[in-house]
*Asks:* 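Here it is, the structure in full.
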Amino acid sequence: MLDPQLLRRNIDQLAEKLRARGYTLDIDYYQGLEKQRKSLQSEIESMQEQRNRISKQIGYAKSQGREIQPILDSVDTLGGQLKTRKAELGNVQQKLTVLLSEIPNVADDSVPIGSDENDNVEIRRWGTPKEFDFPVKDHVDLGESLKLMDYETASKLSGSRFVVMTGGLARLHRALAQFMLDFHVREHGYTEVNVPLLVNQQTLFGTGQLPKFEDDQFRTSDDPPYYLIPTAEVPLTNLVAGRILDADSLPLRFIAHTSCFRKEAGSYGKDTRGMIRQHQFEKVEMVHVVRPDQSRLSLDQMTGHAEAILQALEVPYRVIVLCTGDMGFSAAKTFDLEVWIPSQNQFREISSCSTVEGFQARRMKARWRNPATGKPEPVHTLNGSGVAVGRALVAVMENYQNADGSISIPAVLAPWMGGLDRLTGTAG
RNA sequence: GGAGAGAUGGCCGAGCGGCUGAAGGCGCUCCCCUGCUAAGGGAGUAUACGUUGAUAGCGUAUCGAGGGUUCGAAUCCCUCUCUCUCCGCCA
């Protein structure tokens, strides 16, 4: 949610900025509603003021033992009028809330203007793609020929976009998650958190998935509406929902390893093969809750934290900054990490680190007490993958493949691999 | 799933349908007093929105949430949520 002051004060400038993101703000519609809201609200408040005043007179008159009927008569019609006006206001406010909650965040000034992923800008590269002296296999061929990865059985159990992993590969997947979690906690000062995977509507509203992206979520039940989290960003960020934080408790750095669930509606035909795009996948997620003046710096740090994982795994990657047209709904600025996928001969997204500034904080009423003003103000929140576990597995499998179809294990994962240093299909 | 108890400000805790945005206490802030410390005295201490150029001020709302009764609700009624205790069931 944007700061409502932005809409009230600089709506033309705001509309301009939103246009860069491909969102058209209906200024007339907004201003019409806002005008109605104002007049209804003042009208209602003055009616309430009148009612309160008269009610006090009644109380006073009664205590004096005087006749109250004449006073009662004077407010005879007030109640009814108030009721209809309140209903009208409720209506207008509902529309305003829907409008406001579906406006995307405004891009930071440093974000390149553009319309889609072709306008993203590469910032830097790390590592050099390995030259293979044999034809490379993709992770599906590797996994299936080692009999450690089974899409057919997964499809029987669930459907498309699921996978069954077995033995050493399942262990490698787990090792990756454990490594990332332990690494971030030890090296980067994160607090490990174990969070619910099922959340309510309010929580999804807080991070911006609802109301606009209902169709992307798995809804599990109706009587209490529960949703499977699409990312741990949702529960982690909402940890501070509704709270007023002390200045010295910031920054907060949370990390969690969770499964994530996405319908992938609208991505039909995209990445249908393999583990790149699944309905269920695992991710290690980082969330920062910071003072507003720290969010830019924090974004760089968070991106660095994700990069450290890929460097430790020794897989080549590049960092890009997303252009205005390619950013997610809540983001003010996003760095994507893209890892080298040999079989595709290209870089693919493995982490996305964003600052959303106060956008989510305003939705979830997460505030801090600014010592300078003494007042509660929205905090800034950031989120980033540190990194996607399934995609990291793909990267490791493909970048560490050998001519005989076996897969070497990155040295850094040794502590979690129980002595296994190569996947040959027989181990585990 | 069954039975019961509860939800009030940063915390604890009062509150007969009317002068209660909310007693009292704790904590915190400022001031005074006191030659350190301790003790004591005084004032202040929620959030949102509206009004205003911005304060102050004023107005409105908020005592778990949402409805209702009433001229008037923290207080009465209904629904829901959550917490706690006991029983059952389980990881």
Side-chain angles (χ1 to χ4, degrees), chain A residues 1-10 30-31 33-101 194-206 210 220-227 235 238-250 252 259 358 360-379:
Chain A
M1 193 125 54
L2 296 172
D3 184 348
Q5 297 302 326
L6 273 180
L7 282 109
R8 292 187 193 154
R9 303 242 159 101
N10 297 312
Y30 167 77
Q31 288 184 329
L33 285 176
E34 183 62 9
K35 197 174 164 189
Q36 287 181 56
R37 195 217 94 225
K38 270 193 179 177
S39 82
L40 280 169
Q41 188 167 334
S42 347
E43 194 183 352
I44 285 167
E45 287 188 358
S46 75
M47 285 163 85
Q48 285 173 324
E49 189 272 336
Q50 190 187 348
R51 186 199 62 194
N52 289 347
R53 190 157 33 78
I54 292 171
S55 294
K56 277 191 180 176
Q57 284 175 20
I58 292 171
Y60 182 71
K62 252 185 145 175
S63 70
Q64 303 285 305
R66 289 206 312 267
E67 181 58 50
I68 58 167
Q69 195 54 46
I71 318 182
L72 282 176
D73 291 344
S74 74
V75 282
D76 190 29
T77 56
L78 197 59
Q81 288 175 11
L82 198 52
K83 205 169 186 173
T84 45
R85 282 290 179 268
K86 273 188 172 173
E88 289 173 40
L89 179 63
N91 219 324
V92 170
Q93 270 170 336
Q94 175 63 25
K95 287 180 186 162
L96 270 172
T97 304
V98 168
L99 175 66
L100 211 58
S101 62
N194 189 290
V195 290
L197 305 184
L198 287 171
V199 296
N200 60 30
Q201 289 177 310
Q202 190 186 336
T203 299
L204 278 168
F205 179 84
L210 292 183
T220 63
S221 65
D222 287 330
D223 50 347
Y226 279 144
Y227 296 80
N238 276 283
L239 289 174
V240 295
R243 290 178 55 188
I244 299 175
L245 302 157
D246 288 336
D248 36 355
S249 69
L250 301 178
L252 295 170
S259 291
Q360 293 173 333
R362 278 186 291 273
R363 294 174 87 97
M364 64 176 71
K365 293 184 175 54
R367 294 170 292 180
W368 70 302
R369 197 173 290 279
N370 184 346
T373 61
K375 294 284 175 195
E377 297 172 10
V379 291

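Just so it is clear: chains get the letters A, B, ... in the order the sequence lines come, proteins before strands, and each one is counted from 1.
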*Asks:* Is any side-chain heavy atom of A/N238 closer than 4.5 Å to a side-chain heavy atom of A/V199?
*Replies:*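 A side-chain contact under 4.5 Å is absent here.
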*Asks:* Rounding to an integer number of Å, can you tell me how far A/Y60 OH sits from B/rU20 P?
*Replies:* 14 Å
*Asks:* Under a 3.5 Å limit for both distances, which nucleotide forms a Watson-Crick or G-U wobble pair with B/rU70, could you say?
*Replies:* none
*Asks:* Report yes if a side-chain nitrogen or oxygen of A/R8 is closer than 4.0 Å to either non-bridging phosphate oxygen (OP1 or OP2) of B/rC49; otherwise report no.
*Replies:* no
*Asks:* From CD1 of A/I44 over to P of B/rU62, roughly how many Å is that when rounded to an integer?
*Replies:* 13 Å
*Asks:* C1' atom, B/rA39 versus B/rU34: distance in rounded Å?
*Replies:*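 Nearest-Å result for B/rA39 against B/rU34 at atom C1': 9 Å.
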*Asks:* Using the C1' atoms only, state how far B/rG15 lies from B/rC32, rounded to an integer number of Å.
*Replies:* 34 Å
*Asks:* Could you work out the separation of B/rA91 and B/rG2 based on their C1' atoms and round it to a whole Å?
*Replies:* 22 Å
*Asks:* Under 4.0 Å between any heavy atoms, over every strand shown, what does A/R85 touch: base, sugar-phosphate, or nothing? Just pick one.
*Replies:*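 Answer is nothing: A/R85 stays at 4.0 Å or more from every strand.
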*Asks:* Could you identify the nucleotide paired to B/rC63, looking across every strand shown and requiring Watson-Crick or G-U wobble geometry with both distances under 3.5 Å?
*Replies:*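 Pair assignment: B/rC63 / none.
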*Asks:* If we ignore angles and hydrogens, is there a donor and acceptor under 3.5 Å between the side chains of A/S55 and A/N52?
*Replies:*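 Looking only at side-chain atoms, A/N52 and A/S55 do not form any donor-acceptor pair under 3.5 Å.
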*Asks:* Find the distance A/D246:CG to B/rC28:P and express it as a whole number of Å.
*Replies:* 13 Å
*Asks:* Determine the interatomic distance between C1' on B/rU62 and the same-named atom on B/rA73; round to the nearest Å.
*Replies:* 13 Å
*Asks:* Rounding to an integer number of Å, can you tell me how far A/K56 NZ sits from B/rG18 P?
*Replies:* 13 Å
*Asks:* Mind checking who B/rC89 pairs with, Watson-Crick or G-U wobble, both distances under 3.5 Å?
*Replies:*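 The base-pairing partner of B/rC89, which may sit in any strand shown, does not exist here.
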*Asks:* Check the distance between B/rU62's P and A/Q41's CD and give it to me in whole angstrom.
*Replies:*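 Computing the A/Q41:CD to B/rU62:P distance gives 13 Å.
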*Asks:* Compare all side-chain heavy atoms of A/I44 with those of A/L82 and state whether any distance is below 4.5 angstrom.
*Replies:* yes
*Asks:* Output the rounded distance in Å from CD (A/Q5) to C1' (B/rA48).
*Replies:* 12 Å
*Asks:* Across all strands shown, which nucleotide pairs with B/rU20 by Watson-Crick or G-U wobble geometry, both distances under 3.5 Å?
*Replies:*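 Pair assignment: B/rU20 / none.
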*Asks:* 5'-most contact on RNA chain B: A/P376 or A/K38, nearest heavy atom basis?
*Replies:* A/P376
*Asks:* Could you list all N or O pairs between the protein and nucleotides 72-83 of chain B that sit under 3.5 Å apart?
*Replies:*
residue: B/rG72; atom: O4'; partner: A/S55; partner atom: OG; Å: 3.0

*Asks:* Just name whichever nucleotide pairs with B/rU55, Watson-Crick or G-U, keeping both distances under 3.5 Å, else none.
*Replies:* none
*Asks:* Closest to the A/E45 side chain: B/rU47, B/rU51, B/rG59?
*Replies:*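 That would be B/rG59.
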*Asks:* If we take the P atom in both B/rA3 and B/rC63, what is their distance in whole Å?
*Replies:*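 About 30 Å, rounded to a whole number of Å.
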*Asks:* Using a heavy-atom cut-off of under 4.0 Å over every strand shown, decide if A/R243 touches base, sugar-phosphate, or nothing.
*Replies:*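 A/R243: no heavy atom of the nucleic acid under 4.0 Å.
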*Asks:* Compare all side-chain heavy atoms of A/K95 with those of A/Y30 and state whether any distance is below 4.5 angstrom.
*Replies:* no
*Asks:* Whole angstrom is fine here: how far is it from CZ in A/R362 over to P in B/rA48?
*Replies:*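 Distance check: A/R362 CZ to B/rA48 P gives 13 Å.
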*Asks:* Within the pair A/R53 and B/rC58, is there a side-chain N or O less than 4.0 Å away from OP1 or OP2?
*Replies:* no
*Asks:* Taking B/rU47 as the reference, what is the distance to B/rG10 when you measure between their C1' atoms (whole Å, please)?
*Replies:* 13 Å
*Asks:* Look through every strand shown and name the nucleotide pairing with B/rA38 as Watson-Crick or G-U wobble, where both distances are under 3.5 Å.
*Replies:*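 WC or wobble partner does not exist here.
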*Asks:* How do A/I58 and A/E34 order along RNA chain B: which one's closest nucleotide is nearer the 5' end?
*Replies:*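 The residue whose closest nucleotide sits nearer the 5' end is A/E34.
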*Asks:* Under 4.5 Å between any side-chain heavy atoms of A/L252 and A/V379, yes or no?
*Replies:*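 Result no, sub-4.5 Å side-chain heavy-atom pair not found.
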*Asks:* For the C1' atoms, the ones on B/rA74 and on B/rA7, what distance do you get once it is rounded to whole angstrom?
*Replies:*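 Looking at atom C1' only, B/rA74 and B/rA7 are 12 Å apart.
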*Asks:* So does A/R53 pair up with A/E49, basic N to acidic O under 4.0 Å?
*Replies:* yes
*Asks:* Describe the nucleic acid contact of A/I54 in one word from base, sugar-phosphate, nothing, applying a heavy-atom distance below 4.0 Å.
*Replies:* nothing
*Asks:* I need the NZ-P distance between A/K375 and B/rU29, as an integer number of Å.
*Replies:* 18 Å
*Asks:* Determine which nucleotide pairs with B/rC82, using a 3.5 Å limit on both distances of a Watson-Crick or G-U wobble pair.
*Replies:*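 Paired with B/rG6.
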*Asks:* Can you tell me the base-pairing partner of B/rU29? Count Watson-Crick or G-U wobble geometry only, both distances below 3.5 Å, and say none if there is no partner.
*Replies:* B/rA43
*Asks:* Check every strand shown and say whether A/R37 touches a base, only sugar-phosphate, or nothing at a heavy-atom separation below 4.0 Å.
*Replies:*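 Counting heavy atoms under 4.0 Å across all strands, the contact made by A/R37 is with sugar-phosphate only.
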*Asks:* Can you find a pair of side-chain heavy atoms, one from A/R37 and one from A/L89, that are under 4.5 Å apart?
*Replies:* yes
*Asks:* To the nearest 0.5 angstrom, please state how far the NZ atom of A/K365 sits from the CE atom of A/M1.
*Replies:* 6.5 Å
*Asks:* When you compare the side chain of A/R85 with that of A/Q48, does any pair of heavy atoms fall below 4.5 Å?
*Replies:* no
*Asks:* Going by heavy atoms in the side chains, are A/S39 and A/K35 under 4.5 Å from each other?
*Replies:*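 With C-beta onward as the side chain, the pair stays apart.
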*Asks:* Using atom C1' of each nucleotide, how far apart are B/rU75 and B/rC26 to the nearest Å?
*Replies:*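 To the nearest whole Å, 26 Å.
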